[in-house]
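Just so you know, these numbers use all the heavy atoms, side chains as well, and skip hydrogens, waters and symmetry mates.
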Amino acid sequence: LPSASAVASLQNLLAWKACDVNIEPNGDAFHASSGLDLLHISGHRDGCATACPGNSFYPTLSAVRTAVQQKLDLECNDLIILPPINLAWSLNQDGNIRLTWEDQADNEDGYRIERSFNTNNNFSVLSDLPANSTEFTDLSASVNSRYYYRVKAVLGDNSSTYSNEVFYNPPSANKQSLHARSVVVFPNPAQETVTVAIDNEYLGELNIVVVDVLGKIVYQRSKVKKDGQQLHVKLPLTELPGGIYWVQVSAPPFTSSTHIAKH
């Protein structure tokens, strides 16, 4: 058996984590690697081919769960900080990027705004705001650059999880980047399926339709999300008779149209 101090340290760690992510120590969840529903506090052996954590300690996990729950009942309510939700951006009348979110917390000291330039892997603190804040205008941003934003609530040295991330992409960049040369449809001629390959800087939603020679839409995919440089979308053609069709990719005001032959 592990020492009493080691078990106490484990219980403290698990209580902190359970409080941080708001889970029940005696609850369960799906474990993707094993395909099983496992208790939130389980042994390694429960989901994998191993004897870990050993035949001596494994039977005590029920007591560990009980101890962790007791710690949560005494301490967690004072530490839980609900994160902001529904973060969104817009351009205000002065042309500046304005962020808005919903304040869920009732015990925060304030909110911290973080920004990342061009990609979402270089976040840094942009501003600290007082409690109950629900908006922020980024006066230091260039409306012609790309930014990611996220927000969290802060309570002393603790903080909530982050809000959703939002991406600001200049409207002018989207109009310039989604052009016909960046959309390829293959194979052509096609049989069972056809792939629409898009390689450009456009970020946002696209509509993809297949149209027959009479202009009738025979297949449609709406609001296809493109969140990177490249996007491949496979379209089924099995149900369509042989003939000539057009594959159209659109994000107003842009539309790309490519004709294909279906065998």
Side-chain angles (χ1 to χ4, degrees), residues 13 16-23 32-33 79-105 107-179 181-184 196-206 223-233 249 251 254:
L13 174 64
W16 169 81
K17 188 61 178 177
C19 180
D20 184 52
V21 298
N22 193 26
I23 61 171
S33 298
L79 296 177
I80 291 177
I81 312 169
L82 294 177
I85 60 174
N86 296 329
L87 178 64
W89 68 264
S90 61
L91 292 178
N92 63 18
Q93 293 180 343
D94 296 326
N96 296 311
I97 301 171
R98 177 173 175 262
L99 302 174
T100 59
W101 61 90
E102 294 182 28
D103 173 12
Q104 290 196 112
N107 58 346
E108 82 278 10
D109 292 332
Y111 281 96
R112 176 161 293 171
I113 316 293
E114 296 184 6
R115 183 180 71 186
S116 180
F117 176 70
N118 203 40
T119 65
N120 67 341
N121 60 7
N122 55 23
F123 280 99
S124 60
V125 176
L126 178 61
S127 182
D128 285 314
L129 304 177
N132 302 318
S133 297
T134 57
E135 64 177 81
F136 172 76
T137 299
D138 188 357
L139 298 178
S140 65
S142 167
V143 294
N144 295 316
S145 298
R146 297 174 174 177
Y147 301 100
Y148 284 85
Y149 293 93
R150 64 188 186 188
V151 185
K152 65 179 179 180
V154 177
L155 174 60
D157 294 331
N158 299 312
S159 64
S160 71
T161 56
Y162 285 104
S163 67
N164 57 297
E165 290 181 8
V166 294
F167 175 70
Y168 170 77
N169 195 42
S172 59
N174 276 346
K175 293 179 181 179
Q176 295 169 2
S177 63
L178 190 56
H179 51 79
R181 293 188 303 276
S182 64
V183 180
V184 177
V196 180
I198 306 171
D199 187 350
N200 53 41
E201 295 181 348
Y202 175 84
L203 298 172
E205 292 183 343
L206 300 165
K223 295 184 177 181
V224 178
K225 186 176 181 180
K226 184 174 184 292
D227 54 10
Q229 176 73 21
Q230 297 181 339
L231 175 68
H232 286 193
V233 180
V249 179
F254 167 86

May I ask you to decide if [Y]'s main-chain N or O and [X]'s side chain share a donor-acceptor pair within less than 3.5 Å?
X: D94; Y: N96; value: no
X: N122; Y: F117; value: yes
X: D103; Y: T134; value: no

In Å and rounded to the nearest 0.5 Å, what is the [atom1] to [atom2] distance from [X] to [Y]?
X: S116; Y: L126; atom1: OG; atom2: CG; value: 11.5 Å
X: D128; Y: S133; atom1: CG; atom2: OG; value: 10.0 Å
X: L231; Y: K225; atom1: CG; atom2: NZ; value: 11.5 Å
X: T161; Y: D20; atom1: OG1; atom2: CG; value: 7.5 Å
X: K223; Y: L206; atom1: NZ; atom2: CG; value: 13.0 Å
X: N22; Y: I81; atom1: CG; atom2: CD1; value: 12.5 Å

Inset, instruction - Please list all pairs passing the salt bridge (Lys or Arg N to Asp or Glu O under 4.0 Å) test where one or both residues lie in residues 147-165, with sequence neighbours left out. - result: E114-R150
Throw together a table of side-chain donor-acceptor distances under 3.5 angstrom for residues 135-142, partners on residues two or more places apart or in other chains.
from	atom 1	to	atom 2	distance (Å)
E135	OE1	R98	NH2	3.2
D138	OD1	R115	NH1	3.2
D138	OD1	S140	N	3.2
D138	OD1	S140	OG	2.9
D138	OD1	A141	N	3.4
D138	OD2	R115	NH1	2.8
D138	OD2	Y149	OH	2.6
S140	OG	R115	NH1	3.1
S142	OG	N144	N	3.3

With the side chain counted from C-beta on, respond yes when [X] and [Y] share a heavy-atom pair under 4.5 Å apart, and no when they do not.
X: L91; Y: I97; value: yes
X: V233; Y: V249; value: no
X: N86; Y: W101; value: no

Inset, instruction - Might you point out which heavy atoms bring L82 and A153 nearest each other, and give the distance in Å? - result: O-CB, 3.9 Å
Legend entry - Y111 to N132 - nearest heavy-atom pair and separation: CE1-N, 4.1 Å
Inset, instruction - Using the six-membered ring wherever Trp is involved, compare the ring planes of Y147 and Y168 and label them parallel, tilted or perpendicular (cut-offs 30° and 60°). - result: parallel
Inset, instruction - Mind checking side chain to side chain contact (heavy atoms under 4.5 Å, CB included) for D109 and listing every partner two or more places apart, or none if nothing turns up? - result: L155
